[in-house]
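What follows is a set of notes on a single structure, which appears directly below.
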Amino acid sequence: MSEQGCNDNNQTSFRGFWLLSCLLFGLISTIFNNNSLAQSTKKQADLIVYGEYVVTMREDQQVIKDGAVAILNNKILAVASRTEILNAYFSNQQIDGVNKILMPGLVNGHTHSAMTLFRGMADDLKLMDWLNQYIFPMEKQFVDQEFIRIGSQLACWEMIKGGTTTFVDMYFYPEVISKEIVECGLRAIVGAPSIDFPSPGFKGWDDSFASAVNFVTTWQGKHERITPAFAPHAPYTVSPEHLKQLAMTATKLNAPIMIHLAESNSESNIINERYGTTPVAHVAGIGLLDNVNLIAAHLVYPTATDMHLLSKKNIGAIHNPSSNLKLAAGIAPIVEMLDKGILVGLGTDGAASNNDLDMWEEMRLAALIHKVNNDDSTAIPAFTALSMATRMGTEAIGLGNITGQLKPGYRADMIQVSLDDLRLMPIYDVISHLVYVIDSSDVTTSIVSGKVLMLEGNILTMNESKLKNDIAIISQKIKQVLVRNKH
Ligand SMILES: [Zn+2]
C-alpha cells in the first residue's frame with residue numbers, strides 16, 4: 001500500500017528521478033567513453049619537453065605559458081600548452097619544465113672551432129701583429145689532425161654548455177671537425193678552407209681547393225646534421241680567378257659558401273688599391289653573391305650601394321660584435337642592414353679573438369652597441385637580438401626551413417634555460433630576460449635532432465675528464481713555445 005501509494009503519490013517525482021538518473025548515467029558514460037577514446041587516440045611521442053615559458057620564435061612572437069613540445073624521431077610533432085600536449089600525446093620520456101624557459105637552440109653563425117686551443121694566447125695587440133706574430137706561426141707549428149680533434153671537441157663542449165645547437169665552422173681539417181660534430185650531437189655547416197698561401201696541410205690554392213671539393217662531395221647528404229660548404233678565406237687572400245673557380249664549383253654542387261667580407265678598413269683599402277672597388281662589389285662582380293647561399297662574416301664596412309646590392313641577393317650577414325670590438329675592426333651597420341631587409345645572424349668568431357663561444361654575450365652586445373652607435377636607445381630591441389641568435393640566424397645561414405623555431409615539422413633543436421637563480425628574479429618579460437639578464441650558465445638542457453645532449457647541466461655525449469687531460473697535454477706544449485719565443 002505504502003509502496004503503491006508512494007508510487008501513485010510520487011509518480012511525477014519518480015519519473016523525474018528516473019530521467020535524471022538516465023541523464024547522469026548517459027553523461028558519465030559519455031565522459032568514460034571519451035576518456036577511453038582519448039587514450040586510444042593519443043599519439044605516441046619519443047619525448048615530451050615542458051617549459052614554464054615556451055618561446056617559439058614564431059612570426060607572431062608567441063610565448064606559451066606552461067607549454068610543451070612533443071618530439072618524434074628528429075622532428076617536432078607539436079608545440080602547445082601542457083594540457084593540449086598531454087591530451088594529444090603520450091611518451092615514456094619526459095623532461096620537466098618547472099621554472100624553465102624552453103626555446104630554440106642558439107645559432108653561432110661564424111666561428112673557427114678548434115681555435116679554442118689558442119684562447120687567451122695573445123690579446124691587446126694590433127691585428128697584423130696578432131696575426132703575423134702569434135696566430136699564423138702557431139697554426140703552422142701546431143695545427144694538425146690531433147689539434148683539430150681536441151680543439152673542436154673543446155668548442156663543442158663549450159657550445160653545448162652555453163645552449164648553441166647549430167654553428168657555422170671555418171677551419172682546417174673539416175673532415176676531422178665533422179667527425180667530432182657527428183659524435184657530440186650538434187648541427188653544423190662545416191666550411192672547407194681555401195686560401196692562396198701555404199696553410200696547415202696545404203701548399204697553396206690548388207691543393208686546398210681540390211681538398212675542399214673532395215670534402216663537399218664526400219659529405220653532401222652523408223649526415224643529417226652536417227652541411228658541407230666552401231670557405232675561401234677572404235677577398236684579399238684569394239685571387240679573383242680562384243674565387244670565380246670556387247663560385248662556379250659551389251653553384252654546380254649546390255653548396256653554400258662562407259667568407260670573411262668587408263671586415264676591416266685595411267681590407268677595404270687593399271681591395272680598392274688592387275681592383276678599384278669595394279670588397280662587396282668585388283665579390284659580386286665575380287659571381288659569389290649569386291651562390292645558393294653566401295654566409296658573409298663581419299660586413300663591418302659595406303657602403304650604402306653595397307647594402308642595396310646585398311639586399312637583392314641570397315646572402316646572410318653574420319655580425320660578430322665581440323671580435324669586432326676586441327680587434328677594433330669597427331661596428332657593423334646592422335640597423336641599416338636590417339632596415340634594407342638583409343638577414344643578419346650572430347657569431348662569436350674564433351676563441352682566439354673573442355675569447356669564448358658565448359652566444360648570450362653576442363646577443364647582449366648586439367642589443368647594446370647599436371643603441372649607442374646610432375644614438376637611439378630603441379635600436380635593436382631584445383626580440384631582434386634574440387631572433388638574430390635563433391630564427392633569423394638560421395635564415396641567414398640557409399637553414400631557416402629546418403631549425404631556429406619551435407614549430408611542427410622542424411628539427412627538434414631546443415634548449416631549456418633555468419630561472420632558478422635569484423639574480424633572475426623577478427621576471428616580468430621573458431624575452432627581455434633572455435637578452436639582458438640570462439647567460440650561458442643558466443642553460444640546463446640541450447636537444448638536437450631529438451637527441452638529448454645535455455640534461456640538468458650534464459653533457460651526455462662527451463667524456464669530460466678525457467677532454468680535460470688532452471687539453472692539458474697540448475696546451476703545455478703551446479705554453480713552452482710561447483715562453484721560448486718571449487726570451
Ligand atoms: Zn673569422
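Counting from 1, the numbers follow the sequence of the chain as shown. We count ligands from 1, going down the list as the structure has it; atoms in each ligand are counted the same way.
- Side-chain atoms of Glu362 and Met388, non-hydrogen and from C-beta on, never get closer than 4.5 Å to each other.
- Side chains of Glu263 and Tyr236: a donor-acceptor N/O pair is absent below 3.5 angstrom, by distance only.
- Counting only heavy atoms from C-beta outward, the side chains of Leu106 and Met363 approach each other to under 4.5 Å.
- If you look at His260 and ask which of its N, O or S atoms sits nearest the Zn ion (ligand 1), the answer is NE2.
- Rounding to 10°, one obtains 90° for the angle at the Zn ion (ligand 1) between OD1 (Asp349) and NE2 (His110).
- When each of Asp349, Asn354, Asn355 is tested with Lys326 by the rule side-chain hydrogen bond (donor to acceptor under 3.5 Å, both in side chains), just one qualifies, namely Asn355.
- Between the Zn ion (ligand 1) and the N, O or S atoms of His112, the shortest distance is to NE2.
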